[in-house]
There are 2 protein chains.
Amino acid sequence: MSQRRRPTQVDIARAAGVSQATVSLVISGGAASGQVAEHTRQAVLDAAAELGYTVNAAARSLRGGRNRLLGLYTFESVFPVDQRDFYFPFLLGVEEATAEFGYDLLLFSSVTSGERRIYSDGINRLKVADGCVLLGRHIDRAVLADLVHEDFPFVFVGRREVPGVELSYVAPDYVGATRDMVRRLTALGHRRFAYLRPADHQEPTRDREAGFRQGLAEAGLPDQPVHELPDDSPGADAELAALLAQWLADGVTALLVEPKEDDQAIVALERVAADAGVRIPEDLSVALLGDPTRSSAPGPVRDWTRFTLPREDMGRAAVGLLLELLDSDDGPRQLSVACAPVDGDSVGRPR
Amino acid sequence: MSQRRRPTQVDIARAAGVSQATVSLVISGGAASGQVAEHTRQAVLDAAAELGYTVNAAARSLRGGRNRLLGLYTFESVFPVDQRDFYFPFLLGVEEATAEFGYDLLLFSSVTSGERRIYSDGINRLKVADGCVLLGRHIDRAVLADLVHEDFPFVFVGRREVPGVELSYVAPDYVGATRDMVRRLTALGHRRFAYLRPADHQEPTRDREAGFRQGLAEAGLPDQPVHELPDDSPGADAELAALLAQWLADGVTALLVEPKEDDQAIVALERVAADAGVRIPEDLSVALLGDPTRSSAPGPVRDWTRFTLPREDMGRAAVGLLLELLDSDDGPRQLSVACAPVDGDSVGRPR
DNA sequence: GCACGGTGTTAATACGTATTAAGAACCGGT
DNA sequence: ACCGGTTCTTAATACGTATTAACACCGTGC
């Protein structure tokens with residue numbers, strides 16, 4: 001492959017008999033390009049095609065122009081190209097909306113020195129793109145603050161807080177959806193609840209819990225116990241069995257569970273309930289506060305009562321919000337997306 | 001988005017009492033930076049830290065050339081983000097290898113004026129990336145020739161020929177795999193064959209057919225009939241039933257089928273054989289010359305005897321070849337990838 | 001004292017693009 | 001003929017960085 005110098009706008013200008021500034025007006029196609037006469041415009045395009053011209057993305061970025069590239073970056077260790085990945089539908093929504101808006105999608109998946117990072121040697125790699133959608137549960141909050149400080153346009157998928165800065169994000173309304181789930185359960189007659197959440201305290205977890213407490217307060221019920229999902233250590237089943245026994249002894253008739261991104265905890269819950277002879281929903285109603293992942297356990301899959309977050313729609317909405325940010329001088333924005341209830345069959349009237 | 005100006009190397013230079021060139025030497029850390037005195041270097045780093053300096057990647061790229069982006073473009077009308085898409089595994093392989101080599105992957109999926117094209121107003125959009133992997137069965141051969149003429153580095157996935165130019169590609173060895181399949185069937189005792197192929201005459205179809213004829217010649221057998229897969233028009237089943245009847249009357253004991261990208265033809269074949277009371281493989285052995293797609297028909301899925309092409313590996317190999325092209329001045333290259341046999345249960349001894 | 005080599009810094013420049021104010025040409029009205 | 005407005009093009013400049021040859025200074029040897 002010969003390393004021929006690529007043609008620049010100066011080359012096009014010479015070939016078309018105009019100035020480089022005119023070439024730029026035509027090629028960049030902005031509002032000012034309307035000033036250019038049609039015959040001049042055509043001469044420039046002909047010359048560009050003949051010489052095989054294409055824009056130098058770096059030069060355009062340096063000058064503050066746009067490359068019509070939107071980036072996608074995840075803080076998770078695995079890039080979401082596996083269809084079973086929780087984040088895969090977000091990628092589909094992002095890809096679809098990006099294409100529709102006439103942008104190409106840049107997957108920031110490169111690994112250097114065994115790691116994938118936004119900042120490498122102080123250089124923000126994301127700036128190759130005009131803006132970026134960010135995914136992931138376990139974020140680096142310092143990196144987010146850095147992105148805000150350098151005014152790099154991004155939209156995070158999910159609600160996140162970083163002290164001292166305001167972020168743009170598209171987030172499911174977990175507060176409302178969880179409150180509605182409690183409302184539904186109390187309408188069925190449930191008065192005693194238990195609640196299982198992941199051990200970390202990320203914002204989505206805190207939002208669901210806030211919705212839980214709102215739902216209880218609405219129904220005039222006292223605060224009720226919140227527990228952490230056991231991890232997958234050897235004693236986890238025994239721990240869960242003990243919790244289950246305690247709940248039943250306390251008169252708990254409904255359990256709310258925030259699913260993790262794998263289905264291990266839900267599989268364990270079903271196993272422990274079956275071992276204890278507890279039927280779902282006859283003896284204990286169980287509602288999930290989100291979608292379970294595709295089950296990797298053998299056997300029929302339960303149709304859980306839950307709410308579902310529209311992941312593809314959220315990916316699309318993130319792109320829409322990001323493009324709004326690119327087009328305006330306003331500050332960070334937040335968008336809330338409703339979750340949809342799914343009836344399922346894991347909830348019934350209390351015994 | 002507030003428009004605060006970010007600190008530049010000129011600002012650092014002023015704060016440290018040195019020139020911008022000295023700042024650049026320190027920050028870029030190349031071989032030449034060893035010339036800078038330690039106390040000067042420290043003053044620069046202190047000033048950079050105090051002012052919150054980060055490198056502008058676009059300016060650095062403009063000065064140096066490459067963006068470390070590899071592109072992916074498909075000539076198919078749908079971008080392969082659906083996991084059932086024939087091309088999805090290629091995308092997975094491309095993404096994985098691209099990340100490993102420290103490049104980010106740019107999906108050229110943008111749609112303008114209702115279309116997705118490489119050349120728009122004569123401008124090659126792919127050139128935002130350093131090079132590009134191309135996919136698709138129904139290609140625009142003129143576009144490929146244009147890419148070659150402008151020395152744009154690309155690798156096509158699959159063997160393709162364009163008059164007057166030589167292309168770089170990674171291709172399955174369909175000739176060898178089909179010849180081996182014929183060899184296997186003749187070893188089982190089959191002497192009379194029928195062959196079904198798609199109606200178009202793309203290179204992969206021609207390669208398989210060449211392998212078929214090689215296998216026959218090896219076994220000292222005369223040429224045998226080649227037919228086109230019926231389309232999905234109303235009379236297609238009748239047409240296929242007539243062919244089946246003719247084959248059986250002629251003593252055909254083995255059928256070779258090149259699968260299309262959908263499974264419609266294979267579903268039809270199974271239906272027609274069952275209607276005619278022809279059992280596979282007892283009455284007629286059937287071997288597929290490639291992978292069938294995931295079946296959309298209800299019921300158990302047959303384990304077809306076939307060869308399989310390693311689509312993810314091919315995606316990876318395409319990236320490897322593309323990076324070789326980027327790093328060398330040599331001309332176009334071709335790489336052949338072996339297909340793996342799958343025993344399946346649709347082939348047996350002739351009656 | 002002069003010449004040479006080594007060390008350290010910098011002025012100048014280039015990379016390729018986008019923007020803007022200025023200039024030129026043209027047209028219509030008075 | 002002159003003036004003002006419109007259309008179109010362009011000279012000049014900026015964006016932020018990396019590179020290179022030139023320069024200044026110092027030390028050493030003759």
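Proteins come first, then strands; the chains are lettered A, B, ... in the order of their sequence lines, and each starts at number 1. Just so you know, these numbers use all the heavy atoms, side chains as well, and skip hydrogens, waters and symmetry mates.
Atom CD in B:Q42 sits roughly 16 Å away from atom P in C:dG8 (whole-Å rounding). What separates CG of B:L62 from P of D:dT17 is a distance of 12 Å, to the nearest Å. In this structure, B:E38 places its CD atom 15 Å from C1' of C:dT7, rounding to the nearest Å. Summarising the geometry, the separation between CZ on B:R41 and P on C:dT7 is reported as 18 Å, rounded to the nearest angstrom. Taking atom NE2 of residue A:H39 and atom P of nucleotide D:dC8, one finds them 8 Å apart after rounding to whole Å. D:dC15 atom P lies 13 Å from atom CZ of B:R6, rounded to whole Å. Atom CD1 of B:I12 and atom P of D:dT17 are 9 Å apart (whole Å).
Using bins of under 30°, 30° to 60° and over 60° for the plane-to-plane angle, the ring pair B:F90/B:Y87 lands in the tilted bin. Using bins of under 30°, 30° to 60° and over 60° for the plane-to-plane angle, the ring pair B:F88/A:F88 lands in the perpendicular bin.
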B/S/- along nucleotides 18-23 of chain C (protein heavy atoms under 4.0 Å) is BB----
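The shortest non-hydrogen separation linking A:R160 to A:Y169 is O-CE2, 3.7 Å.
Between A:E100 and B:R116 there is no salt bridge, since no side-chain nitrogen of the basic residue lies less than 4.0 Å from a carboxylate oxygen of the acidic one.
One side chain, A:E95 or B:S109, offers a donor N or O that lies under 3.5 Å from an acceptor on the other.
Counting non-hydrogen atoms under 4.0 angstrom, A:T40 reaches the backbone sugars and phosphates but no base.
Using modelled atom types, one side-chain atom of A:T98 and one backbone atom of A:V94 make a donor-acceptor pair closer than 3.5 Å.
Between B:T8 and D:dG16, a side-chain N or O to OP1/OP2 separation shorter than 4.0 Å is absent.
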